[in-house]
Amino acid sequence: MHLLDVLRHDPRSPLVFTSGTFFLFFTVFVAVFSFLKSARARFSAVLLFSIFYYYKCNGLFVAALVAVAIGDYWAARLIARSSNQRARKALLAGSIVLSLSLLFYFKYANFILANVALVSGQPPRVLDIFLPVGISFYTFESISYVVDVYRGDCEPAETFLEYAFFLVYFPHSVAGPIVRARDLLPQIRRMAPASPEAVSEGLGRIVVGLAKKALIADYVGLYSDLIFDHPSNYTGPEILLGVYAYALQIFFDFSGYTDIALGISRLVGIELCENFDQPYRATSITDFWRRWHMSLSTWLRDYIYIPLGGNRLGRVRQYLNLFATMLIGGLWHGASWTFVIWGGMHGAALAADKLFGRGGKTAPEGAFAKPRAVLGWFFTLNLVVFLWIFFRAHDLSVVGSILGRLGHGWHAQGIVEMASARRALVAIMAIGAGLSLAPRRLSSTLVRGFASAPAPVRAGVFVVLAQCIVQMRGTEITPFLYFQF
Amino acid sequence: MSVAAPRSPGRAYVELLLTLLFTWGALFGLSRTHRDVVILGVPLAKVRFDHDVTSANVADVQERPLAGIVPATPQHETRVAAAARPERTDAEAAAVPVTRRPLDRAPQRILVFGDSTVKALMWRLSDYCASNGHTMFAASWYGSTTIGWGVKERLDLLIAEQKPTFLIISLGSSELSLKDVSSRESFIRSIVDKMGARPFVWVGPPNIEMDTGINALIESIVGKDRFFRSSGLELARYEDNFHPTEEAGRTWMDAVAGWIVTSSATPIALDFPTKQGPPPDRQIFGQQL
């Protein structure tokens, strides 16, 4: 393979953080970055690498991001300067429409056409559209930036390159976390070098993320793929195991990605926001959304739920707002009715929690608080796992097939044979379940332990993990699940 | 906890860079490590750090344990009765081997090996062996794939122990829905290499739906006269909707036996059984980690 082929965009080979290609480019990047003394040089190096990374993931569709960046940059500057409220509103609306129109075209055009065809009875027309990786994430980031400038919560970027850096910054550009400009722009302006502690802990965070992704998520994902691809071939116990395997896969995949992203960003000297707080320990669905994909849930709260009226317009309106917000959140994940239903059911569950639950308190209080917390945890966990079926299924027929097969083949001998034939899978799932339910401090303890170890030990751990990734990977590179959103 | 971090950011970055470079070097070195561990002249293990070996070790994810403890439904029974020889296209019929050996009536030592579908074939094969003077040994590795049999030494050991004169492979069920079938080519070739010059037939997986190419790939490597395509058979399944029932297994083996006699490159005596065979000598392998 020629060097130019390595540098060129290849849609079959996304530049995921666990791939050897990324590792190679990152080594070169670190080699250059290590010797840069000035903030301006570091800024330029990171910006160039980010653009290259985004190009490797999307090819020439980097142009869509540039278009959004140009539109946002000028809209925000003009909004900040203008005292004419109508003009400010028009600029805000124009910027949002630009961002959303690109998102709708790339992500939802075929979905809309398919549903129009379904309603009209015409044969569906499918457009050959490439979905740029990360477009859902940067669309939300761009909207929040312009809205924050409009609200006066954020100073506009001083230069276009500064804003472009915010959008395209490689640790978060393709799969989040959904960062806010008010958090990132000040750090971009300073571009201070990372402290020695940050470098060590950043590497530790990367190690933890790689382990989550490569050793747990990808492995259990092989099994859940089998189940969800051909559910009618499997018995109820196998399907149930597959559904729980997917619940572990999506958590370890996405939180592992986030760990790597935050770790890499720490190496560069920029702190990104946390995205997970042991969500499977949640004791209510409200609590779950305070722990799962926190950057998305807070975004939905700040830019959809509260503008819709939040809880200020009465209880019924609050429930409707929750439902509508989660419907949009579901649709944001993908152009499919399964995502819409998934979001809608989460919205309904949130409304029910507000109606019958603890009114948003994270843990039960008063008599029998502990047993109620355990009961709440059990119910919440299984509700979330059940709803993952809709999230993972290709279409509603798969959901039907999964649910239809769940009741079949519940025989003790079959379950014993299944567990004995899949000992490694069961063991890894048990470890995964233990880790996902462990207190949050376990992860930070591991990171600090890694950071405080002597350099040769850290290098050794890194080698062992990298070798595990080489040996455990499937025949195809498994992209992070949230790349598709 | 005291963090033993380097004193300056510059030194921290240098350490980070050295860690990355060291990792690259170590991965390169490991990828070239192919060592036999021999103690006192006794070979204990082969040390290799490559992707194929681990893929074989973690293949349990794809395993399909035989959970067939539920009798077939009446509808299944009807389907068994309707099962027929696999349909051959004109092109396939025209491809009947030109190098076909004459029917060998000598007693054979038959080794049938593969995934859990071996269990469906072995009982009826035992009947054939008892009626035709053959002996047999069945090795069923639940849910195994061509990777496992191609990479691991299990087949070498079985051949060394059983000294078969004829081999039947029933493998590929777990690879029906592969996205990248071509990735299995080297493993299929490895299995064929392990069998050396011994006569064999490969019984294709009993499809329950259109496969993504594993049948065609195996057939292209072993040849049409060594590959029995099972995908045309209507076989009753256990409640897992996958494994053929015991009765369907008999029908399946009848079809395979007829094909070996009439159409395979290396026909052996497999006259229709006149008596029931003993429980087959067998070894069932579970998961390998």
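A, B, ... follow the sequence lines: proteins, then strands. Residue 1 opens every chain.
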Quiz item: Is it true that R458(A) and E15(B) make a salt bridge, defined as a side-chain N closer than 4.0 Å to a carboxylate O?
Solution: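 Judged by the 4.0 Å cut-off on N to carboxylate O distance, R458(A) and E15(B) do form a salt bridge.
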Self-check item: Largest heavy-atom contact set with chain B, pairs under 4.5 Å, which of D225(A), V463(A), V464(A)
Solution: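 Of the candidates given, the most pairs with chain B belong to V463(A).
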Quiz item: By a 4.5 Å heavy-atom criterion (distance strictly below it), what part of L267(A) contacts chain B: side chain, backbone, both, or neither?
Solution: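 Both the backbone and the side chain of L267(A) come within 4.5 Å of chain B.
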Self-check item: Part of F33(A) lying under 4.5 Å from any heavy atom of chain B
Solution: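 Side chain only.
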Self-check item: Side-chain heavy atoms of F450(A) within contact of I206(A), under 4.5 Å
Solution: no
Self-check item: Test: R154(B) cationic atom under 6.0 Å from W141(B) six-membered ring centre, within 45° of axis
Solution: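 Positive - R154(B) is close enough to the ring of W141(B) and near enough to its axis.
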Quiz prompt | Under 3.5 Å: donor-acceptor pair, side chain of S230(B), backbone of P206(B) | solution =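 Looks like no, no N/O pair under 3.5 Å.
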